[in-house]
Participant: 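Right, I'll just put the structure down here and ask away after.
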Amino acid sequence: MNEYSLFVLLLLLGAFALETLAELLNLRALSPEPPRDCEDIYDPAEYRRSQEYTRVRTRFGFVASVFDLAILVGFWFAGGFELLDSLVRGWGNGPIVSGLFFITILALGKFLLSIPFSCYRTFVIEEQYGFNRSTVRTFVTDLLKTVFLSLLLGGALLALVLALFQYGGPGAWLYCWLATSLFLLVIQYIAPTWIMPWFNRFTPLADGELRTAILDYARQVNFSLANIFVMDGSRRSSKSNAFFTGFGRNRRIALFDTLIKNHTVKELVAVLAHEIGHYKKKHILQSMVLAILHAGILFFLLSLFLSRDELFAAFFVSRPSVYTGLVFFSLLFGPVELLLTPLLNKLSRVNEFAADRFAAKTLGGEKDLISALKKLSGQNLANLTPAPFYVMLHYSHPPLRQRLQALSRAGASLGEES
């Protein structure tokens with residue numbers, strides 16, 4: 001074990017300890033009684049059920065994390081990376097094909113080991129709390145589709161990255177950055193019409209009161225909206241959501257059928273107003289720019305570590321290569337990224353507050369959005385009292401009570417202006 005081995009091991013254990021601390025604090029923050037400003041979200045029995053849901057998911061997540069860490073460390077110190085590298089090299093292919101085999105085998109191994117946990121999460125935990133609507137056939141089909149798309153799209157990008165680092169010289173990281181940026185833009189463009197329909201059915205929202213109300217609101221805020229779709233979210237879960245995706249002519253807003261079923265027209269327009277707020281405030285563009293910058297930083301750092309023989313020795317690999325270096329760098333940098341997550345989550349929460357304010361302002365009040373958010377939280381058994389440290393690490397959206405308080409202030413401000 002060299003210094004790199006010790007450093008990576010400490011990073012992995014430190015990240016695990018940090019996650020565990022956040023989970024423990026979150027469990028301790030559970031309150032036996034609902035906050036006074038949220039008493040209308042749950043009846044007493046449902047509130048207790050929401051807390052138990054949080055506990056069950058947390059304990060299960062801890063078991064899954066321990067298993068993942070044990071498998072990784074065991075494979076590492078048993079010389080698994082060296083054995084696998086020797087195996088794929090023995091097949092007599094060049095560095096690109098060997099790299100594809102090496103990374104694909106690792107990814108498939110991790111994927112297969114995760115399936116029992118996914119099954120338990122879906123068919124035991126989510127079933128127990130009344131959320132699961134997925135059949136075994138749907139579950140298996142989703143897994144196969146995910147593997148196929150990962151091999152097709154991810155494999156193509158991976159082959160290009162390996163080739164560029166193998167033959168691109170000192171500027172390889174820059175070429176990879178440009179290629180990955182283009183890939184991200186293309187995926188963002190084609191996902192709504194080519195990828196997402198593989199998993200869900202998107203039906204144009206039928207004419208009627210809801211469609212008229214949404215289009216009237218869109219015209220009011222000068223938002224061109226031709227595509228409003230209903231997604232069959234109930235095919236897999238009873239949980240509700242709405243989202244905005246794509247750009248240009250392919251942009252679309254999708255409402256889960258469960259959302260439409262459980263909310264009034266005014267509440268649904270408020271939810272859409274929030275999503276449109278993200279677009280108007282350029283949050284989607286901001287996220288894309290950050291993803292591209294993030295990719296550039298990663299490729300630059302990768303280019304520095306690929307020349308460090310100590311990195312390969314840390315994982316007991318005797319013959320350095322681009323593909324093993326890519327895997328080892330991801331293991332090295334993964335825990336470090338945990339330190340960046342709070343900053344990105346903070347930015348995301350700020351954007352959510354901004355989208356809420358946009359909705360309240362353009363709707364002339366906050367009441368419908370508040371009502372929609374309360375219903376969503378109750379239907380999804382949301383935890384009303386998450387620990388601040390857990391929020392910092394895991395919440396891309398503000399906790400419900402903070403959103404409600406911010407919306408109330410926005411409503412009061414609108415009242416003063418009028």
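Remember, predicted model here, so these are calculated numbers, not experimental data. One-based numbering along the sequence shown.
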Participant: Report the residues that fulfil ring-ring contact (aromatic ring centres under 6.0 Å, His included) with F299, sequence neighbours left out, ordered by chain and then residue number.
Facilitator: none
Participant: Knowing that exactly one of T203, N200, T258 qualifies, which makes a side-chain hydrogen bond (donor to acceptor under 3.5 Å, both in side chains) with D232?
Facilitator: N200
Participant: Take L369 and L407 through the side chain to side chain contact (heavy atoms under 4.5 Å, CB included) test and state the conclusion after the steps.
Facilitator: CA-CA 8 Å; L369 184 55; L407 277 167; 3.9 Å; yes
Participant: Can a donor-acceptor pair be found, under 3.5 Å and without considering hydrogens, that links the side chain of R401 to the backbone of P35?
Facilitator: no
Participant: Heavy atoms only: give me the nearest I195-I187 pair and the separation to one decimal.
Facilitator: CD1-CD1, 4.2 Å
Participant: Taking the side chain as C-beta and beyond, is there a heavy-atom pair between L290 and L347 under 4.5 Å?
Facilitator: yes
Participant: Are a donor atom and an acceptor atom from the side chains of N132 and E126 found within less than 3.5 Å of each other?
Facilitator: no
Participant: Hey, is the main chain of C119 close enough, under 3.5 Å, to the side chain of T122 for a donor-acceptor pair?
Facilitator: no
Participant: Do the side chains of I71 and L113 get nearer than 4.5 Å, heavy atoms only?
Facilitator: yes
Participant: With ring centroids as reference points, do F81 and F328 lie under 6.0 angstrom apart?
Facilitator: yes
Participant: Would you confirm whether T385, through its side chain, and A29, through its main-chain N or O, come within 3.5 Å as a donor-acceptor pair?
Facilitator: yes
Participant: Check whether S303 reaches the backbone of F300 with its side chain - one donor and one acceptor, N or O, closer than 3.5 Å.
Facilitator: yes
Participant: In Å, rounded to the nearest 0.5 Å, how long is the span from CG of L13 to CG of L69?
Facilitator: 6.0 Å
Participant: Check this for me, if you would: do D142 and K145 make a salt bridge, where the nitrogen-to-carboxylate-oxygen distance has to be below 4.0 angstrom?
Facilitator: no
Participant: Before giving the answer on side chain to side chain contact (heavy atoms under 4.5 Å, CB included), spell out for F165 and Y175 the whole-Å C-alpha distance, their side-chain angles and the decisive distance to 0.1 Å.
Facilitator: CA-CA 9 Å; F165 269 112; Y175 306 143; over 6 Å; no
Participant: Which pair of non-hydrogen atoms, one from P386 and one from Y395, has the smallest distance, and what is that distance?
Facilitator: CB-OH, 3.4 Å
Participant: Can you confirm whether more than 12 heavy atoms, excluding those of K375, are under 6.0 Å from its NZ atom?
Facilitator: yes
Participant: Check the angle between the aromatic planes of F329 and F333 and answer parallel, tilted or perpendicular using the 30° and 60° thresholds.
Facilitator: parallel
Participant: To the nearest 0.5 Å, what is the distance between CG on L10 and OG on S5?
Facilitator: 10.5 Å
Participant: Please tell me if the side chains of P342 and L393 come closer than 4.5 Å, counting only heavy atoms from C-beta onward.
Facilitator: yes
Participant: Run the salt-bridge test on E46 and R49 with the 4.0 Å N-O cut-off and return the result as yes or no.
Facilitator: yes
Participant: How about Y53 and F131: are their ring centroids closer than 6.0 Å?
Facilitator: yes
Participant: Locate the shortest heavy-atom distance separating A354 from H283; write the atom from each residue and the value.
Facilitator: CB-CE1, 3.9 Å
Participant: Does any N or O in the side chain of Q51 come within less than 3.5 Å of the main-chain N or O of S31, such that one atom is a donor and the other an acceptor?
Facilitator: yes
Participant: Go through it in stages, so that I can follow the logic: the residues are R28 and L24, the test is side chain to side chain contact (heavy atoms under 4.5 Å, CB included), and I'd like the CA-CA distance, side-chain angles, deciding distance and then a yes or no.
Facilitator: CA-CA 6 Å; R28 288 188 61 184; L24 290 173; 5.6 Å; no
Participant: If you define the side chain from C-beta out and look only at heavy atoms, does anything of V88 sit under 4.5 Å from Y323?
Facilitator: yes
Participant: Main chain of A314, side chain of W76: is a donor-acceptor contact present, judged purely on distance under 3.5 Å?
Facilitator: yes
Participant: With heavy-atom distances below 4.5 Å as the criterion, would you say the side chains of I41 and P34 are in contact?
Facilitator: no
Participant: Parallel under 30°, tilted from 30 to 60°, perpendicular over 60°: which one fits the rings of Y42 and Y47?
Facilitator: tilted
Participant: Have a look at N383 and tell me which of L400, T54, T58 forms a side chain to side chain contact (heavy atoms under 4.5 Å, CB included) with it.
Facilitator: T54
Participant: Any donor and acceptor pair, going by atom type alone, linking the side chain of H394 with main-chain N or O of Y390 inside 3.5 Å?
Facilitator: no
Participant: Is it the case that Y279 and E275 place a side-chain donor and acceptor less than 3.5 Å from each other?
Facilitator: no
Participant: Return the set of residues passing side-chain hydrogen bond (donor to acceptor under 3.5 Å, both in side chains) with E23 (not counting sequence neighbours), or none when no residue passes.
Facilitator: none
Participant: Can you tell me how far the CG atom of L384 sits from the SG atom of C38, to the nearest 0.5 Å?
Facilitator: 5.0 Å
Participant: Within the structure provided, determine whether M288 and L185 are in side-chain contact (heavy-atom separation under 4.5 Å).
Facilitator: yes
Participant: A side-chain contact here means heavy atoms from C-beta on lying under 4.5 Å apart; do I260 and L205 qualify?
Facilitator: yes
Participant: Out of F123, F62, F67, which residue meets the ring pair (Phe, Tyr, Trp, His ring centres under 6.0 Å) rule with F117?
Facilitator: F67
Participant: Going by side-chain hydrogen bond (donor to acceptor under 3.5 Å, both in side chains), H278 matches just one of K282, H274, K281. Which one?
Facilitator: H274
Participant: Are the side chains of F202 and P192 in contact, using a 4.5 Å heavy-atom criterion?
Facilitator: no
Participant: What distance separates L178 CG from F183 CZ, expressed to the nearest 0.5 Å?
Facilitator: 15.0 Å
Participant: Measuring from L158:CG to L153:CG, what's the distance to the nearest 0.5 Å?
Facilitator: 12.5 Å
Participant: Minimum heavy-atom separation for D368 to E267, with atom names?
Facilitator: O-CG, 3.7 Å
Participant: Rounded to the nearest 0.5 Å, how far apart are CG of D356 and CD of Q402?
Facilitator: 11.5 Å
Participant: Taking A410's backbone N and O only, do any of them form a donor-acceptor pair with E366's side chain (distance below 3.5 Å, no angle check)?
Facilitator: no
Participant: List for me each residue that meets ring-ring contact (aromatic ring centres under 6.0 Å, His included) alongside F7, sequence neighbours excluded, and say none if there are none.
Facilitator: none
Participant: Is a side-chain N or O of R201 found less than 3.5 angstrom from the main chain of W198, in a donor-acceptor match?
Facilitator: no
Participant: Side chain to side chain contact (heavy atoms under 4.5 Å, CB included) for L84 and F101? Distances and angles first, verdict last.
Facilitator: CA-CA 9 Å; L84 180 57; F101 276 125; over 6 Å; no
Participant: When you look at CZ of F353, are more than 12 heavy atoms from neighbouring residues, nucleotides or ligands closer to it than 6.0 Å?
Facilitator: yes
Participant: Does S114 reach the main-chain N or O of F111 with its side chain, forming a donor-acceptor pair under 3.5 Å?
Facilitator: yes
Participant: Any idea which heavy atoms bring V271 and A372 closest together, and the distance?
Facilitator: CG2-CB, 3.8 Å
Participant: Any idea which heavy atoms bring K280 and V221 closest together, and the distance?
Facilitator: NZ-O, 2.9 Å
Participant: Determine whether more than 12 heavy atoms belonging to other residues, nucleotides or ligands lie under 6.0 Å from atom CG of D40.
Facilitator: yes
Participant: Taking atom CZ of R55 as the centre, does the number of heavy atoms from other residues, nucleotides or ligands within less than 6.0 Å exceed 12?
Facilitator: yes
